Amino acid sequence: MTRHGRMPQPVLYIHTMNEKKTQQKGVMEHKTATISRDSARNFDCCCLTLQPCTDPVVTPEGYLYEREAILTNLLKQKRKIAKLEKAFAKQNKRKENQNLLNFSAAEKFLSEQSSSSAIQVTKSKQKDDHSRKLNNFWVNSLQGHAKKEDLKKPDTKTYCPIFG
């Protein structure tokens with residue numbers, strides 16, 4: 001017998017996984033779950049700052065906010081909306097200018113050239129364009145570039161920060 005075999009060992013019982021699961025199920029069925037004080041905010045606290053309100057404002061849905069915090073949030077939303085509207089207007093203006101340039105260039109081209117010579121020029125341009133559009137990682141001029149996505153018209157409403 002080894003030296004450790006002769007020494008008295010403390011009695012330890014190790015639960016199997018099944019025993020642990022059944023024990024947990026039994027505990028959960030009989031006891032109700034309690035929420036600790038840290039997980040729930042106080043009744044008089046702002047939903048944004050989680051601090052007690054000195055100048056409270058209540059929404060129709062019953063959410064309590066500090067006046068300064070909710071006004072700051074609404075102003076932030078308004079600035080974001082104004083920025084998106086400005087970008088949308090800039091995009092629309094750019095599209096209109098591009099359409100006008102394309103239309104005026106097409107009119108000028110058609111008025112200066114005869115129809116037979118125009119067909120020959122466009123065919124030669126198409127061949128050159130195809131050779132330039134090859135995607136090449138190493139040569140910057142031959143890289144394929146991603147198209148910019150068109151912006152959608154932004155929503156002009158401000159929303160409650162809790163339930164949107």
Side-chain angles (χ1 to χ4, degrees), residues 21 24-25 27-29 31-164:
K21 285 182 184 178
Q24 287 175 354
K25 284 181 185 176
V27 168
M28 293 304 288
E29 288 173 2
K31 290 186 178 180
T32 58
T34 58
I35 298 174
S36 69
R37 188 169 193 267
D38 296 334
S39 63
R41 67 176 176 82
N42 292 335
F43 177 73
D44 63 338
C45 289
C46 172
C47 292
L48 293 174
T49 61
L50 301 177
Q51 299 295 321
C53 292
T54 56
D55 188 13
V57 178
V58 179
T59 63
E61 291 80 19
Y63 294 104
L64 182 72
Y65 297 105
E66 178 73 30
R67 185 178 302 275
E68 184 180 349
I70 192 67
L71 290 177
T72 304
N73 184 282
L74 291 174
L75 286 173
K76 190 176 185 180
Q77 288 182 33
K78 292 249 185 197
R79 283 189 211 116
K80 184 177 179 182
I81 290 168
K83 186 177 179 181
L84 291 173
E85 283 180 338
K86 189 175 180 180
F88 183 70
K90 188 176 180 181
Q91 172 188 314
N92 285 345
K93 189 174 181 181
R94 188 180 307 127
K95 280 184 181 180
E96 289 174 7
N97 289 340
Q98 187 66 30
N99 289 341
L100 288 174
L101 287 175
N102 289 342
F103 183 71
S104 63
E107 279 185 341
K108 185 178 178 183
F109 181 74
L110 289 175
S111 65
E112 291 177 0
Q113 301 290 331
S114 66
S115 62
S116 62
S117 62
I119 293 171
Q120 294 172 356
V121 171
T122 54
K123 285 182 180 178
S124 64
K125 281 187 177 181
Q126 287 175 352
K127 290 179 183 177
D128 293 338
D129 289 343
H130 180 67
S131 64
R132 282 190 210 154
K133 288 183 181 179
L134 295 174
N135 290 334
N136 189 337
F137 178 76
W138 300 108
V139 181
N140 193 20
S141 62
L142 297 179
Q143 285 184 359
H145 297 284
K147 293 182 180 179
K148 292 183 178 179
E149 289 186 23
D150 291 337
L151 298 175
K152 296 178 183 175
K153 187 173 181 178
D155 190 10
T156 58
K157 295 180 182 177
T158 56
Y159 293 100
C160 177
I162 298 296
F163 68 91

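Everything quoted here is computed from the prediction, not taken from an experiment.
Residues C47 and Y63 come closest through the heavy atom pair SG-CD2, 4.1 Å. F43 approaches L64 most closely through the heavy-atom pair O-CD2, 3.3 Å. Across C53 and C45, no two heavy atoms sit closer than the pair SG-C, 4.0 Å. In terms of heavy atoms, L101 sits closest to S104 at O-OG, 3.0 Å.
Note on residues 80-107: no pairs pass ring pair (Phe, Tyr, Trp, His ring centres under 6.0 Å), not counting sequence neighbours. Annotation: side-chain hydrogen bond (donor to acceptor under 3.5 Å, both in side chains) contacts involving residues 89-99, sequence neighbours excluded, comprise K95-D150, Q98-N102. Sequence neighbours left out, the pairs with a member in residues 62-80 that pass salt bridge (Lys or Arg N to Asp or Glu O under 4.0 Å) are D55-R67.
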Identify all side-chain donor-acceptor contacts of residues 151-164 below 3.5 Å with residues at least two apart in sequence or on another chain.
from: D155; atom 1: OD2; to: Y159; atom 2: OH; distance (Å): 2.5

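A search for side-chain hydrogen bond (donor to acceptor under 3.5 Å, both in side chains) contacts involving Q51 returns nothing, not counting sequence neighbours.
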